[in-house]
Amino acid sequence: MADIARPPTSSSASLPASLRLIGLRLRRNWPSATALAIIVLMILAAVFAAWIAPYDADATSAEAALQAPSLHHWLGTDVYGRDLLSRIIFAARVDLAVAFGATALALAIGATIGAISGLHLGWVDLIIMRCVDSVMAFPAFILAMAITAALGNTVTNVLLAIAVTQVPIYLRLVRGEILRIREMEYADAARVVGNPPWRIVFVHLLPNCLPPIIVQATLAMGYALLTMAALSFIGLGIRPPQSEWGSMTAEGAQYIVTGEWWLFLFPGFAIVLMVLSFNLVGDGLRDFLDPRMRGVR
Amino acid sequence: MTFLIYFLRRLALVVPTLLGVTIITFTLTYLLPGNPAVVKAGPLVPPEVVAEIEKAMGLDQPAWVQYWRYISGVVQGDLGTSASTGRPVLEDFQQRLPATLELTLASLLIALVIGIPLGVQSAVHRDTALDHVGRIVGVAGVAMPTFWTGLIAIYVFFYLMGVAPPPLGRLGAGLEPPPTFTGLYVVDGLLTGNWKVVGSALHQLMLPSIVLGLSVMAPIARMVRSTMLEILESDYIKAAWAAGLPRRRVVYGDALFNALIPVVTILGLVFGFLMAGNAVVESVFAWPGIGNYAITSLMTKDSGPIQSFVLFVAVLYVIVNFVVDIVYGLIDPRIRLE
């Protein structure tokens, strides 16, 4: 969302007004507004986890082991007596940080290369696009799995792996947008007054690609979260004792046959809630930012 | 003639993509940290021995020589040896592929059988409760990780209700696999008339294929809905209504047939989702397919099967997308000219 707040120079006057309009549309589009509220709350909970979580997430207690949800432990406890709600709140830190980080990294790399590709065309573009085809030849999760397996399980590597799988999305998006707007009059004007190419791209062209990028990034955040959770679930991503929703679900899976349902249900529910929220906000933003898409579902 | 040109042009795109794919898997396998010679030699081995193994494996050669060896090996079916099973990865693959195929086909079938009518009904009854429910199901289906829905299914249908078998593989306890014709237990059971095996295989398939099928159903339903909406507005459908043809005939005959054409285009995408989802669902249901094989190898740091699995899936994905494009070109001649 920081991208919206930073006004692109070419249309700086109109942005505060459009921010107000976003607010207006969000009020009308209540599912997206609710989803946005959930995301904001979850971010706050992650940041202030130490104050919000009812218990110390790592505090074990033999007598509190494997308790079903109750008034004391809203979401129950695990085999070590750790409070599940507290662990889920603390896990939000890793999950959200990686989702945001991977998306930001992929966006930065993808937009830069995409802009180069769209401006130069010719051989440079051809080679870049064949590389993109090769990366996209892998189903995203499978590629992330291979990269994490090769690099090793650390938070940074998971972030890197997810970013690599998402670079093509932004690259193709920005390339297409640049191809569309590079011939427009204001781009010509910027060239004529003697701006260097990098300035034309970053100051004049890229800011005008922002709306579709913002929508895409919001939707991609959900995918990033799902990918990370699945990686951790199969034991590749973030590992215990570090709390992460996917690996917590995997831990909980062991207790299905003994009936401790809360252990796998709630961490997974946190994933669904966040992914759903990112998707709904993305849809809402698309309706707002791209008037052509309004009413089309 | 135009089709031939289209075919060749599309084929020309496949070659560099496959080249890129193998370069990526090669890089992930050989050039990244975690020296394969050290892995092979095991810990606590003096550096001279490691250097010797490196030489034997050709790791001291320049990268392009290594790549060439890798590629010629892969083309000849040499995918290396699995450290955990001690057998060639290719053999392990051949043994497990039918399981993956059976699960994938069953899931695809479920996704199509539910997704297409759902898309049609959502379009016909646009903006009614049914349409909204369909959309909610679609949105939720995409947001829910398959490992989670799989666990819920196991908890509800196996643990609580007892209507599903324990999530442990392809056949119930005490049953022998049928003689191999296709490797698909359901088909082989049918061919040999072994109804017990057919029943058990279907029973075992039930939960994983529903979980996987529902996870890829949403894009199919959405595509059918949007093309149906367009087609229902078209003149020839209006003519069919005007001619007084029965509703069922118009919707499911004339309109649906044309709405299915774009569905072909997303089959490649759906296949990608299925392969990715497969790995996770197989591990949840202890399904003995190649995805589960790759994931088990992760636990033992056995890199051969993982990288082969990734290469296999990517090559298959490229081929499927190529076939999809060709089929689309066959069905819709306009595509060939683009």
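All chains are named by letter (A, B, ...) in the order of the sequence lines, taking the proteins before the strands, and each is independently numbered beginning at 1. Fair warning: this is a prediction, and the values are worked out from it, not measured in the lab.
Proximity to chain B (any heavy atom under 4.5 Å) is shown, for A:Leu273, by neither the backbone nor the side chain. Looking at A:Met145, only its side chain comes within 4.5 Å of chain B, counting heavy atoms on both sides. Residue contact with chain B, scored on non-hydrogen atoms closer than 4.5 Å, involves the backbone and the side chain of A:Val135 alike. Heavy-atom distances place both the backbone and the side chain of A:Leu276 under 4.5 Å from chain B. Residue B:Ile295 touches chain A through its side chain alone, counting heavy-atom pairs closer than 4.5 Å. Neither the backbone nor the side chain of B:Ile23 comes within less than 4.5 Å of any heavy atom of chain A. The part of B:Phe158 that comes within reach of chain A is its side chain, from C-beta onward, which places non-hydrogen atoms under 4.5 angstrom from that chain. Using a 4.5 Å cut-off between heavy atoms, A:Phe278 makes no contact with chain B at all. In this structure, chain A has no heavy atom under 4.5 Å from any part of B:Val315. Contacts of B:Tyr159 with chain A are made by side-chain atoms alone, with heavy-atom separations under 4.5 Å and no backbone atom involved. With a 4.5 angstrom heavy-atom cutoff, A:Phe264 touches chain B via backbone and side-chain atoms both. Heavy atoms closer than 4.5 Å to chain A are found in the side chain of B:Ser283, but not in its backbone.
Your options are A:Leu265, A:Ile271, A:Asp133, A:Asn279, and the one with the most heavy-atom pairs under 4.5 Å with chain B is A:Leu265. Counting heavy-atom pairs under 4.5 Å between each of A:Ala250, A:Pro267, A:Ala230 and chain B puts A:Ala230 at the top. Comparing B:Ile152, B:Val318, B:Thr25 by how many heavy-atom pairs each has under 4.5 Å with chain A, the most go to B:Ile152. Ranked by heavy-atom pairs shorter than 4.5 Å toward chain A, the options B:Ala140, B:Ala279, B:Pro145 are led by B:Pro145. Chain A forms the most heavy-atom pairs under 4.5 Å with one residue out of B:Gly20, B:Ala294, B:Ala276, and that residue is B:Ala276.
Considering CZ of B:Arg222 and CE of B:Met217, their distance stands at 9.5 Å, rounded to 0.5 Å. Rounding to the nearest 0.5 Å places NE2 of A:His120 at 10.5 Å from CG of A:Asp125. Note that CD1 of B:Ile220 and CG of B:Leu108 are 6.0 Å apart. Values are rounded to the nearest 0.5 Å. In this structure, CG in B:Leu168 is found 11.5 Å from CH2 in B:Trp287, a value given to the nearest 0.5 Å. Atoms CG and CZ, from A:Leu126 and A:Arg130 in turn, are 5.5 Å apart once rounded to the nearest 0.5 Å.
Within 6.0 Å of the OH atom in B:Tyr67, the count of heavy atoms belonging to other residues, nucleotides or ligands exceeds 12.
A:Asn153 and A:Thr148 share no side-chain donor-acceptor pair at under 3.5 Å. Counting only N and O atoms by type, the side chains of B:Asp131 and B:Thr128 include no donor and acceptor under 3.5 Å apart. A:Tyr223 and A:Thr103 share no donor-acceptor pair across their side chains, judged by distance under 3.5 Å alone. A donor-acceptor contact closer than 3.5 angstrom links the side chains of A:Glu244 and A:Ser232.
Two rings, from A:Phe266 and A:Trp261, have their centers less than 6.0 Å apart.
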